[in-house]
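Just below is one structure, and these are the notes that go with it.
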Amino acid sequence: MDKIRNSSLLKMISYILIPILVAILGFSVFHLAFLNEYGDIGKETEYIQSEQFANNYFYSITNQIAQCEKDRKGYSSNYIEIEESNGNVYYYCDARQNTNYYMGIPAYMNYIIIHKETKKMYTNIKSNDYQKEMENMRNNKLYWNLVEGKIETNLEYLNPENIKYNYNYVYQMSNEEENGIKDYDVYTSYDNSNMNIYTAYGIRQAVYEYMLKNRNQPIHRIIISTLGLVAIAVYLFWAIGHKEGTEEIDLNSIDKIPYEIVAMSCLIIISIFLSVLVSIGEAINYMILFVEIICYFVCYAACAIMGVTTIKRIKAKQFWRSFLTYKIIQWCWDKTKKLLDTMKQKATGSKKIFWYYIFFLVMSVLIMSLFRGGIAILLLGAFWIGSYYQIKKYGIEQDKIKNALKNIYEGKTDIRLNEEELTGVLKEMAIYVNDIAGGFRNAIQENLKSERLKTELITNVSHDIKTPLTSIINYVDLLKKEEIPNEKIKEYIEILNQKSQRLKKLTEDLVEASKVSSGNVKLEIEEIDIKELLNQTIGEFKDKFENKKLKIEMRMPESPSKIKADNRYMYRVIENLFSNITKYALDGSRVYIDIKENNQLISICIKNISKDKLNISSDELMQRFVRGDKSRYTEGSGLGLSIAKSLTQLQGGKFDITIDGDLFRVDMEWKKS
């Protein structure tokens, strides 16, 4: 693809094909217009009976009458006065010496034109009996006479029925001020037996016959040439500017000239050669055709240069920047902006508002005083819209800073304002906000790093303790199996067993708390019935509840309450809560367990009365190694609630603790499965 895009040969072929295809397309459109113009051309067997010929023929007649008028009024003309021996005087013009005279038609047309009032006779025939010549004209293949306002002819389109649709005839007959055909008797005949095919008439006849013979070709040519032009345009737009060996758009010396200069030069060249084409008019011969072809290709070359440089500048993203006007405006804007920025930096906020207001008033007054009417309204409206835009832009910049501060307040530290988009005081504020956000971010990162180090330390220490602790537990078990007569020693062994088991539980909780806090827990999420899991766990804790004389009061929906969670870790959450109840609940009190379904949520509420005074906040109670009595003389590690909360949150739930006097309450919430 790169070879095709970078091929100079393909581009050159495309440039050559474009004017050819455009010429074919233009000729085909002209062909269609020609066929449409002359209606039912299928009935016309030869050119001399066509509407086109009739129009040209009648125009030749009116042109000869115009020449007669010039001669009669003493203006220059082509007529020569001839006086015969019998005293007859007539005016002769040998049009046959100029075979290309007006479309070539007069070269084969005989005429005798007589002014009604002066009886002056104008002709291109030499004869001894002009009366006989007038009568013989009716015997020619084609003739057209106007005698005493009556038309005699065998030309279909110039007969009395059809000529009333001829604009030139209607104009000549209705114009009272200008002397024209109505003031003459006209006798004309036409004979093309010796027609020269190299005359304008011959060319037109050849074109006419070609149009008739190939009436089905223009549609095909239009389709093919249009498709070809579209394909070439797509290829050139893709390929222009690319050169082998470089990925960048190749810009030459023309592409570096300001665009207005290139465009103006090309337009001047096009207008000059188009004016040449217009001045040629309808005159036809092979030399004129050659000149027209040259003008066409020169105009194409100018269009091609402008088109190629335009595409290159667009693809190089330098189109607007290549304008000389843009460079001037940009220079003025940079200087003005620099001056304004300097003023903004030195002025306080209140002074800026004051000067903005003064500037607004002064400009409004100047516009109204210098301009009048609609222009003043347009300029004033544009100035007010621009002022509104600047005020709105200032408000948007303030909102950016406000939103950034709000995000920092909510704990989001990945905030950074683009200082280059702001100006003046707001730019300074953006710098301060970025510094504050960066400081918070660094502090949080340091805090997270510290927490991570603590977690790693706890995990490592817990693992190091497990090995000697396992040995202690094993040896205690061995001592318990021995027959020791001393009861005091047995009591010591039992204390060792209790403390070692407690230490084992503590190390296990430490390891689990470390995993949970670091997120190093592999969850197997599935659909579970939380009501069934609660009943199962209550059954396992039945003996402990009975020992503490705790009465369980449950309120649950009859239907299953299903959530998506890890069954193993959900059991651990409930187990930690029930274990906390058996340790710290008031003996003989009630424990309330409620399950509620609300919209798409399932909530669990567990409440009990503490046996000790809860002299601690719920936030402190959630911290590690903290128990409600703040003592180290009861069983438990102080990690149960922290682990329960972390596991609940990892599974997408919510976990909250509320303390009201001696009332201890836990609320958990999940989305329904």
Side-chain angles (χ1 to χ4, degrees), residues 8-38 52 56 100 102-104 197-237 239-241 252 254-255 257 259-313:
S8 300
L9 179 61
L10 282 178
K11 293 175 186 175
M12 185 60 64
I13 293 173
S14 299
Y15 293 142
I16 294 172
L17 286 176
I18 287 175
I20 297 173
L21 292 175
V22 170
I24 294 172
L25 180 62
F27 178 75
S28 301
V29 172
F30 170 75
H31 194 164
L32 283 179
F34 181 90
L35 296 175
N36 182 65
E37 175 70 18
Y38 295 104
Q52 185 187 45
N56 293 334
N100 201 42
Y102 183 66
M103 314 287 264
I197 62 172
Y198 295 104
T199 63
Y201 168 77
I203 294 172
R204 283 186 173 271
Q205 181 172 349
V207 170
Y208 180 85
E209 292 172 352
Y210 174 84
M211 297 293 190
L212 294 183
K213 185 178 180 180
N214 302 282
R215 68 183 65 191
N216 296 323
Q217 290 185 4
I219 296 296
H220 302 141
R221 291 197 300 263
I222 287 174
I223 294 173
I224 294 172
S225 58
T226 301
L227 292 176
L229 286 171
V230 170
I232 290 173
V234 171
Y235 167 73
L236 287 178
F237 193 85
I240 283 175
N252 56 31
I254 295 177
D255 304 321
I257 300 173
Y259 190 76
E260 298 100 320
I261 297 176
V262 176
M264 189 62 66
S265 301
C266 292
L267 290 175
I268 290 172
I269 292 172
I270 292 170
S271 62
I272 290 173
F273 283 88
L274 283 179
S275 64
V276 173
L277 290 175
V278 172
S279 64
I280 291 173
E282 295 185 353
I284 294 179
N285 61 43
Y286 290 105
M287 182 59 69
I288 290 175
L289 287 176
F290 179 71
V291 173
E292 289 177 343
I293 292 172
I294 292 176
C295 292
Y296 171 72
F297 278 101
V298 170
C299 291
Y300 164 71
C303 292
I305 291 172
M306 191 164 65
V308 170
T309 188
T310 301
I311 293 172
K312 282 186 180 181
R313 295 172 197 235

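Looking at Tyr259 and Thr310, their side chains do bring a donor and an acceptor atom within 3.5 Å of each other.
Distance check, rounded to the nearest 0.5 Å: CD1 of Ile24 to CG of Leu17 gives 9.0 Å. Expressed to the nearest 0.5 Å, how far CD of Glu260 lies from OG of Ser265 amounts to 11.0 Å. Atom-to-atom distance recorded for Ile254:CD1 and Arg313:CZ is 9.0 Å, nearest 0.5 angstrom. In this structure, Cys299 SG and Leu274 CG are separated by 4.5 Å, a value rounded to the nearest 0.5 Å. Here the straight-line distance linking atom CZ of Arg221 with atom OG1 of Thr226 works out to 12.0 Å at 0.5 Å rounding. Taking OG of Ser28 as the start and NE2 of His220 as the end, the distance is 11.0 Å to the nearest 0.5 Å.
Paired with Leu227 under the rule side-chain contact (heavy atoms from CB on, under 4.5 Å), one option of Ile223, Val230, Leu229 passes, and it is Ile223.
Between the side chain of Lys312 and the backbone N or O of Ile240, no donor-acceptor pair lies under 3.5 Å. Although no hydrogens or angles enter the test, the distance criterion places no donor-acceptor pair under 3.5 Å between the side chain of Thr309 and the main chain of Met306. Put simply, the side chain of Tyr300 gets close to the backbone of Tyr15: a donor and an acceptor are under 3.5 Å apart. Between the side chain of Asn252 and the main chain of Asp255, a donor-acceptor pair closer than 3.5 Å is present.
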Using side chain to side chain contact (heavy atoms under 4.5 Å, CB included), reason through Phe273 and Glu292 one step at a time and then give a plain yes or no. CA-CA 9 Å; Phe273 283 88; Glu292 289 177 343; over 6 Å; no

Using the side chain to side chain contact (heavy atoms under 4.5 Å, CB included) rule, take Ile270 and Cys303 through it: C-alpha gap first, then chi angles, then the decisive distance, then the call. CA-CA 8 Å; Ile270 292 170; Cys303 292; 3.5 Å; yes

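The shortest distance between side-chain heavy atoms of Ile311 and Leu236 does not fall below 4.5 Å. Taking the side chain as every heavy atom from C-beta outward, Ile16 and Lys11 never approach each other to under 4.5 Å. In this structure, Leu32 and Asn36 have side chains that are not in contact, with every pair of non-hydrogen atoms separated by 4.5 Å or more.
In this structure, Leu21 and Ser225 approach most closely via the heavy-atom pair O-CB, 3.7 Å. Of all heavy-atom pairs spanning Ala23 and Tyr296, the tightest one is N-OH, 3.5 Å.
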